[in-house]
Novice: 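The structure's right below; bear with me while I get my questions together.
Numbers here are sequence positions counted from 1. What you see below is based on every heavy atom in this structure, not just the backbone, and it leaves out hydrogens, waters and symmetry mates. Read the numbers this way: they start at 1 and go in the same order the structure lists the ligands and their atoms.
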Amino acid sequence: MEITSTTAFLSSLVTIAIAWMLMRVLNWVWLRPKKLEKFLRQQGFSGNSYRLFHGDMKEMLAMRKQSRISKPINLSDSQVHNIVPRILPFNHHINAIYGKKSFIWNGPTPSINIADPKMIRDILFKPEIFQKPKANSVAKLFLSGMVTYEGEQWFKVRKIANPAFHQHKLKDMFPSIYWSCNEMISKWKILVSKENRHELDVWPYIQTFTADVISRTAFGSSYEDGRKIFELIRQQINNFTESIQFSFIPGWRKLLDLCLFGRWFCYACTHVREEVFQVFENEKPKFDDLNHLKVVNKILHEALRLYSPVTILTRTSYRETKLGEINIRPGILLSLPIMMVHHDHEYWGDDADEFNPDRFSEGVSKASKNNEVSFFPFGGGPRICIGQNFALMEAKLALAMILQNFSFELSPAYVHAPTRGGTVQPQYGAHLILHNI
Ligand code: HEM
């Protein structure tokens, strides 16, 4: 008798546990997404109706795959820099159908598009409210360290790391970057010396160069700083190398584009090289003189605008809050589409997809139509990229040293096919023809 009642008790416990689990699953895959969808539609957001479990994922992945095998962009196309449909095909598609006030289903989680620079600013400057979503186990394989930390843990690490990236520390790192670049240039010189001309894919060289810079700067500093930087970099190595690599390619690519598009030819040949020789003559570049490279600076900014290596930032709020007029609930992702904002005609004018470094002539704040955050390749607010000055220094120095040593043209082997891996990359490499000068 007693055994029977114990069995009955246990089986009802199991039934309750299973029912509870089923309820949770049902809530996760259906009830919650549908509630959030209603909530977002009531606030004027539009998007596809939620589809069980996968949401928009199937279409999103199919479009991404399609864009990887799609035809490269023709270099003589007037829309050559209009790479948003290629890099963010699904976001572009949804925006075309539903407009900027739209949402996308990342599985059962809705992600709203925040393309208004004022709102982007509000989000980036309130990291205690708008946090990074917790990385799932797959994302953790690629992202770890400070980028993913929150609260006290982030604050502590950022406080330790900040001094390592101060101006005088960058100056200490400058010789290491110089030597890494010098090594790459020496290899190119050997190749070019035979016929005063050599065709090569510079992409693998850049990868080696950036990796070399990392190890030199990490180990080349004082023990304590070196340890801190190295720890940071060790945690970051994937995103670090990838993102910094792509700070060069756009600059180079853009210089090449300058040469390709008639009216910019003189600009590239005279202004940039002229500036480099004016500032450094034929001498070894000096750290303090990098600030005088105004044209190079404008070109890098324009390259970072059109080809922003990081394409989207994502945030979420773990409590109910307001963003302007929008009510935000936990479970909603906020998607800040850097690349789309950088190409938006509303903020950058009719020539938004054109390469025009002169828009940065009066600095970043005056480059766009509004001086809110419509240019944010390095993020913004307290969590702005800690390595931005380091990346810009490395890019400026490398460009200057290359221009001091070579003239170059685009190889016929080059195909313009920017693609999105972790960051934006040239899918088939970066083929140039180098000449000694
Ligand atoms: C062109 C090169 C680079 C670009 C475009 C870039 C872009 C970014 C962006 C957009 C963020 C903000 C992420 C967010 O708010 O969710 C970020 C954060 C970060 N970046 Fe970079 N980055 C570059 C180079 C570097 C370099 C050279 C380092 C050197 C270590 C670095 C280290 C970091 C770190 C540690 C963070 C996290 C900062 C924090 O959360 O407080 N990045 N980067």
Novice: Check ligand 1 against Trp154 and write out every atom of the ligand that is under 4.0 Å from a heavy-atom position of the residue.
Specialist: 39 (C), 40 (O), 41 (O)
Novice: Can Arg86 and Ser67 be counted as having a side-chain donor-acceptor contact under 3.5 angstrom?
Specialist: no
Novice: Which heavy atom in Val296 sits nearest to a heavy atom in Val276, and how many Å separate them?
Specialist: CG2-CG2, 4.3 Å
Novice: Identify whether the distance between the nearest side-chain nitrogen and carboxylate oxygen of Arg359 and Glu302 falls below 4.0 Å.
Specialist: yes
Novice: Does ligand 1 have a heavy atom under 4.0 Å from the side chain of Phe378, from its backbone, from both, or from neither?
Specialist: both
Novice: So does Asp288 pair up with Lys171, basic N to acidic O under 4.0 Å?
Specialist: yes
Novice: Please could you name the atoms of ligand 1 that Leu313 approaches to less than 4.0 Å, counting only its heavy atoms?
Specialist: 10 (C), 13 (C), 14 (C), 15 (O), 16 (O)
Novice: Is the contact between Lys132 and ligand 1 made by the side chain, the backbone, both, or neither, using heavy atoms and a 4.0 Å cut-off?
Specialist: side chain
Novice: What I want to find out is whether Lys187 reaches Glu183 closely enough, with some N-O distance under 4.0 Å, to be called a salt bridge.
Specialist: no
Novice: Could you list the atoms of ligand 1 found under 4.0 angstrom from a heavy atom of Pro377?
Specialist: 5 (C), 7 (C), 10 (C)
Novice: Relative to atom 40 (O) of ligand 1, which among Arg383, Gln131, Gln388, Glu150 owns the nearest non-hydrogen atom?
Specialist: Arg383
Novice: Any non-hydrogen atom of Tyr149 lying under 4.0 Å from ligand 1?
Specialist: no
Novice: Taking the basic N atoms (NZ, or NE/NH1/NH2) and the acidic carboxylate oxygens, is any pair closer than 4.0 Å for Glu150 and Arg383?
Specialist: yes
Novice: Would you mind listing which atoms of ligand 1 come within a distance below 4.0 Å of any non-hydrogen atom of Gly379?
Specialist: 10 (C)
Novice: Using 30° and 60° as the class limits, which term best fits the ring planes of His93 and Phe90: parallel, tilted or perpendicular?
Specialist: tilted
Novice: Charged N to carboxylate O below 4.0 Å: is that the case for Arg64 and Glu59?
Specialist: no
Novice: Going by the order shown, which atoms of ligand 1 are within less than 4.0 Å of some heavy atom of Phe165?
Specialist: 30 (C)
Novice: Are any of the N or O atoms of Arg158 closer than 3.5 Å to those of ligand 1?
Specialist: yes
Novice: Quick one: which ligand 1 atoms are inside 4.0 Å of a heavy atom on Ile386?
Specialist: 32 (C), 33 (C), 34 (C), 35 (C)
Novice: Verify whether the ring centers belonging to Tyr307 and His342 lie closer than 6.0 Å.
Specialist: no
Novice: Just checking, any donor-acceptor pair under 3.5 angstrom between side chains of His435 and Glu409?
Specialist: yes
Novice: Going by the order shown, which atoms of ligand 1 are within less than 4.0 Å of some heavy atom of Phe390?
Specialist: 27 (C)
Novice: With heavy atoms under 4.0 Å as the rule, classify the contact between Cys385 and ligand 1 as side chain, backbone, both or neither.
Specialist: both
Novice: Show which atoms of ligand 1 fall inside a sub-4.0 Å distance from at least one heavy-atom site of Ala391.
Specialist: 2 (C)
Novice: Under a 4.0 Å heavy-atom limit, does Arg315 contact ligand 1 with its side chain, its backbone, both, or neither?
Specialist: side chain
